[in-house]
Amino acid sequence: MPFTLMPLDSRITFAKPGHPLDRADHIRDRSDALAEAPSARAVILSEGRIAVALDPRGKRLVRRQPDPGAEERIFLGMDGDAALFAEDVGEIDETARVALLGDSAKFIDLRSISPELSVVEAEMAATARSMLAWHQRHRFCSNCGAPSAAEAGGWRRRCPACGAQHFPRTDPVVIMLVLSGDHVLLGRQRGWPAGMHSLLAGYIEPGETPEAAVRREVMEEAGVPIGRVRYLASQPWPYPSTLMMGFVAEALDTRLSVNETELESARWLSRAEMAEALAERHAEVAPPRKDAIARAMVEAWVHGQVEGV
């Protein structure tokens with residue numbers, strides 16, 4: 001299939017421009033009442049997987065009326081006059097799955113179907129997965145240790161013991177298209193699928209700018225000093241809840257000193273070699289996964305849409 005030249009963010013899963021979800025934050029405190037409306041609908045998750053209809057015309061999320069007895073429910077926003085929610089049914093066996101979804105739907109890992117969802121459904125799924133994971137990890141107050149309770153449609157937790165309020169967090173990550181002339185720097189982590197390489201990435205530390213994090217991470221992982229840095233695009237990544245911020249960075253040296261606690265290996269690939277990897281014809285290197293911002297960044301560079309800083 002020929003490569004379509006389009007804006008970078010148009011190819012990034014969870015970040016494609018279009019008609020975004022109306023998050024309706026001004027009515028979150030009314031979400032319990034909204035869930036009782038006949039038009040209300042909920043998407044369903046089980047152990048991080050999301051219910052998807054098995055429709056040959058395309059992937060779509062299962063939507064059902066909210067369950068009054070749902071243990072965990074998040075108000076996602078509004079679709080016209082219909083309130084949208086996400087609910088977690090926890091671990092269920094096959095018999096319970098069929099009773100819940102029937103034979104025309106199943107729970108699927110979001111990584112495998114996210115590129116096929118519409119702009120709004122991809123945002124719904126990413127938000128649902130991130131928010132439900134946050135609640136699962138923050139059931140107790142970090143201030144005093146008492147059990148906390150969800151409020152504002154699941155967008156806040158409050159501790160009844162000490163009154164502390166807790167809000168969802170997103171962890172910022174930088175991911176770098178490190179260039180030296182006509183070559184790009186790739187790294188490989190242990191445990192990845194055979195041959196897979198991707199761009200270097202790392203968390204931003206407290207008190208640090210994204211640009212400083214780019215320079216620090218590349219030096220720490222590959223021993224390459226970085227000069228100029230320029231922002232490219234971003235991607236929410238709901239595994240469990242990070243924001244990937246993509247940058248192009250200028251390498252001041254091509255000599256590598258790989259930190260083996262961070263990477264299994266690192267290597268420079270020419271633009272032609274990267275094109276071969278993207279076409280799955282490279283003898284040693286497999287490209288980043290299709291739903292990752294790294295894939296969109298290297299594709300854009302190979303096709304001349306991104307150049308040096």
Side-chain angles (χ1 to χ4, degrees), residues 13-14 21 23 28 31-32 34-37 39-79 82-140 147-157 166 168-171 191 235-242 289-292:
T13 303
F14 305 126
L21 176 67
R23 296 184 172 230
R28 285 173 177 168
S31 64
D32 287 344
L34 293 169
E36 297 175 0
S39 61
R41 291 292 181 268
V43 297
I44 317 164
L45 287 88
S46 171
E47 298 184 287
R49 297 171 298 155
I50 195 159
V52 177
L54 304 177
D55 190 333
R57 295 169 296 179
K59 300 291 192 303
R60 60 182 179 84
L61 302 182
V62 171
R63 302 191 196 188
R64 66 167 186 177
Q65 284 191 299
D67 179 1
E71 181 177 340
E72 207 77 77
R73 179 191 297 142
I74 306 297
F75 174 59
L76 297 176
M78 298 294 295
D79 181 11
L84 300 174
F85 295 85
E87 295 178 346
D88 191 341
V89 297
E91 181 181 0
I92 59 174
D93 59 22
E94 182 63 13
T95 301
R97 182 199 68 78
V98 173
L100 179 66
L101 302 178
D103 294 323
S104 60
K106 65 179 181 179
F107 289 104
I108 299 179
D109 183 77
L110 185 55
R111 290 178 176 88
S112 65
I113 54 95
S114 54
E116 302 176 57
L117 298 176
S118 69
V119 171
V120 171
E121 289 210 327
E123 184 178 351
M124 288 173 60
T127 305
R129 195 185 190 287
S130 290
M131 288 295 296
L132 289 168
W134 176 72
H135 281 281
Q136 290 165 2
R137 300 192 311 273
H138 293 82
R139 298 194 184 281
F140 296 89
S148 61
E151 296 181 337
W155 289 86
R156 179 176 70 236
R157 294 188 74 91
H166 306 281
R169 60 173 291 173
T170 295
D171 297 320
Q235 177 187 41
W237 193 243
Y239 308 108
S241 189
T242 57
R289 51 185 303 134
K290 292 182 179 180
D291 58 344

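If you're wondering where the values come from, they're calculated on a predicted model, not measured in any experiment. Throughout, numbering of the chain's residues begins at 1 and tracks the sequence.
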Worksheet item: Taking C-beta and beyond as the side chain, do M124 and D79 meet within less than 4.5 Å on heavy atoms?
Response: no
Worksheet item: Under the 3.5 angstrom rule, does the side chain of R129 hit a backbone N or O of S241 as a donor-acceptor pair?
Response: no
Worksheet item: Any idea which heavy atoms bring S114 and A122 closest together, and the distance?
Response: O-CB, 4.4 Å
Discussion item. Test your reading of the model: is there a side-chain donor-acceptor pair from R73 to the backbone of D67, 3.5 Å cut-off?
Written reply: yes
Worksheet item: Do side-chain atoms of Q235 reach the backbone of A292 as a donor and acceptor pair under 3.5 angstrom?
Response: no
Item to complete: Would you mind reporting whether L84 and M78 have side-chain heavy atoms less than 4.5 Å apart?
Response: no
Practice prompt. Flag the pair K59 and E121 as a salt bridge only when some basic side-chain nitrogen lies within less than 4.0 angstrom of an acidic carboxylate oxygen.
Written response: no
Worksheet entry | From I44 atom CD1 to L100 atom CG, the distance as rounded to the nearest 0.5 Å | 5.0 Å
Item to complete: May I ask you to test the L110-I113 pair for a side-chain heavy-atom distance under 4.5 Å?
Response: yes
Item to complete: Report the relative orientation of the aromatic rings in F85 and F75; use parallel for angles under 30°, tilted for 30 to 60°, perpendicular for over 60°.
Response: tilted
Item to complete: Please name the pair of heavy atoms, one in D55 and one in R60, separated by the smallest distance, quoted to 0.1 Å.
Response: OD2-NE, 3.5 Å
Fill in: Note, D88 side chain near Q136 side chain (heavy atom, < 4.5 Å)
yes
Worksheet item: Do the side chains of R111 and D291 get nearer than 4.5 Å, heavy atoms only?
Response: yes
Discussion item. On a heavy-atom basis, which atom in V89 and which in R64 lie closest, and how many Å separate them?
Written reply: CG1-NH2, 4.0 Å
Response to the item:
The reported gap from OG in S112 to CD1 in I50 (rounded to nearest 0.5 angstrom) is 11.0 Å
Worksheet item: Quick check: are there more than 12 heavy atoms from other residues, nucleotides or ligands sitting under 6.0 Å from CG of D103?
Response: no
Worksheet item: Just by distance, do the side chain of E87 and the backbone of A42 share a donor-acceptor pair under 3.5 Å?
Response: no
Discussion item. Would you compute the distance between atom CD1 of I108 and atom OG of S46 and round it to the nearest 0.5 angstrom?
Written reply: 12.5 Å
Item to complete: Would you confirm whether T170, through its side chain, and T242, through its main-chain N or O, come within 3.5 Å as a donor-acceptor pair?
Response: no
Response to the item:
Closest non-hydrogen contact found for A128 with L45 is CB-CD1, 3.8 Å
Worksheet item: What's the shortest heavy-atom distance between S31 and G153, and which atoms?
Response: OG-CA, 3.2 Å
Discussion item. Quick check against the 3.5 Å criterion: does W155 have a side-chain atom that pairs as donor or acceptor with the backbone of M131?
Written reply: no
Worksheet item: Do you see a donor-acceptor pair shorter than 3.5 Å between the side chains of T127 and R23?
Response: yes
Worksheet item: Are Q65 and R41 close enough that some pair of their side-chain heavy atoms sits under 4.5 Å apart?
Response: yes
Worksheet, complete the sentence: Rounded to the nearest 0.5 angstrom, the CZ-CD1 distance for R28 and I74 is 10.0 Å
Item to complete: Kindly compute the distance separating OG (S130) from NE2 (H135), expressed to the nearest 0.5 Å.
Response: 11.5 Å
Response to the item:
Here the gap from E71 atom CD to L132 atom CG, rounded to the nearest 0.5 Å, amounts to 11.0 Å
Discussion item. Does any part of the side chain of R157, heavy atoms only, come nearer than 4.5 Å to the side chain of W134, both counted from C-beta?
Written reply: yes
